[in-house]
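Computed over heavy atoms, backbone and side chain alike; hydrogens, waters and symmetry mates excluded. Given the structure is predicted, the values throughout are model-derived calculations rather than measurements. Chain letters run A, B, ... following the sequence lines, proteins first, then strands; residues in each count from 1.
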Number of protein chains: 2
Amino acid sequence: MAAYDSTDRAILDRLQSDGRIANVDLAEAVALSPSACLRRVRALEQDGLIAGYRAELDRARLGLDLTVFIELRVGEHSRETAARIEAVLTGIPEIVACHVVSGSADFLVEAAVANLAAYERLLIDQILAIPAIVDARSTFAIRTVKTRGPLPLAQLR
Amino acid sequence: MAAYDSTDRAILDRLQSDGRIANVDLAEAVALSPSACLRRVRALEQDGLIAGYRAELDRARLGLDLTVFIELRVGEHSRETAARIEAVLTGIPEIVACHVVSGSADFLVEAAVANLAAYERLLIDQILAIPAIVDARSTFAIRTVKTRGPLPLAQLR
DNA sequence: GGGGGCGGCGCAATATTATTGCGTGGGAGG
DNA sequence: CCTCCCACGCAATAATATTGCGCCGCCCCC
């Protein structure tokens, strides 16, 4: 399957903003019968277009007040070190996102921690403990204006 | 309400990884009856600890292959310009996350676009069109290793 | 232009799940 | 030791999801 129409778009849009909407309501919103709607949703899931469903938690209320972006530089580049670093970074719970990036840094990671002490432990004990990493530059989120908004489906043809 | 026990933790953890799990199954996973479990979930929602539910879409499959992080610098700082800038940034669909940050930049935004042409339009026509913004430095995600992983609940007391 | 085949739809029956009232037990505080 | 209160489980009811089925419209091939 590879073709998606405006109804699929509408379904995705809706599910992005309310991932737990009842299928009955979703169907009504996109002007389909519940059964047809459900079949489309299942197909979108099967196709991998819908990667999953997540409850979004409030970081501040959880006590994970501090969001930090950390740019990492790697000393020697090789396929093996890259893979190993990725594996380690991925396994650190505090790291909620991680990208290989262009520019002066090699990795850009986003971490959620409780406070500066936790941040220090994360950086010193976990990240800088990775041998190949030679430099880290941290940027603190003072305030989050917008978090993981819906993807801009309207921008697609 | 302000106290959360390990059962709540387990519920949140589970809902983070599967936001659409049936209450029956969630209840079994956390060793509660469905009714008790549902009541806890409702309470967590009511409390705002659960901010919402989202379907997570596959950016690549959607054709939004390009993730860009853009650091913005603001010329004159004032309460009004800050508020106005935030309002504009928030309203741009391609911008999926936006933070006020420490360091050499003032804002860090994450954008999802289809390709370089779309990126250029976003940057030139929308972001740099904001008067107070004097500089933008872009970092491209070459590959995403980990996306919006679950928050590290295990790290909380 | 006229079949024929196919895909997707709605309907309806059935299975699952969510939701609410109610009675009970266990722990905290007096 | 007693009492109160909270959170639980149970059970009945309401809502929702799921599947089979027949139908309709579109596209392709003749």
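A/Asp8 places its CG atom 12 Å from the C1' atom of C/dG8, with the value rounded to the nearest Å. Here C/dG7 presents its P atom at 21 Å from CZ of A/Arg42, a figure rounded to the nearest Å. A straight line from CZ of B/Arg40 to P of C/dA18 spans 17 Å, rounded to a whole angstrom. Between A/Leu15 atom CG and D/dA17 atom P there is a gap of 11 Å when expressed in whole angstrom units.
With ring centers used as reference points, A/Phe69 lies under 6.0 Å from B/His99.
Summarising the local packing, CZ of B/Arg14 is surrounded by 12 or fewer heavy atoms from other residues, nucleotides or ligands at distances under 6.0 Å.
Looking at residues 19-38 of chain B, you'll see B/Leu32, B/Ser33, B/Ser35, B/Ala36 sit with a heavy atom under 4.0 Å from some atom of DNA chain D.
Judged purely by distance below 3.5 Å, without hydrogens or angles, the side chains of B/Glu45 and B/Tyr53 pair a donor atom with an acceptor atom.
Not one N or O on the side chain of B/Arg84 forms a donor-acceptor pair closer than 3.5 Å with the backbone of B/Arg79.
A salt bridge is defined here as a Lys NZ or Arg NE, NH1 or NH2 lying under 4.0 Å from an Asp or Glu carboxylate O, and A/Glu86 with B/Arg143 meets this definition. Ion pairing between B/Arg42 and B/Asp47 fails under the 4.0 Å rule for side-chain N and carboxylate O.
For C/dG7, its base never sits under 3.5 Å from the side chain of A/Arg39 at any donor and acceptor pair.
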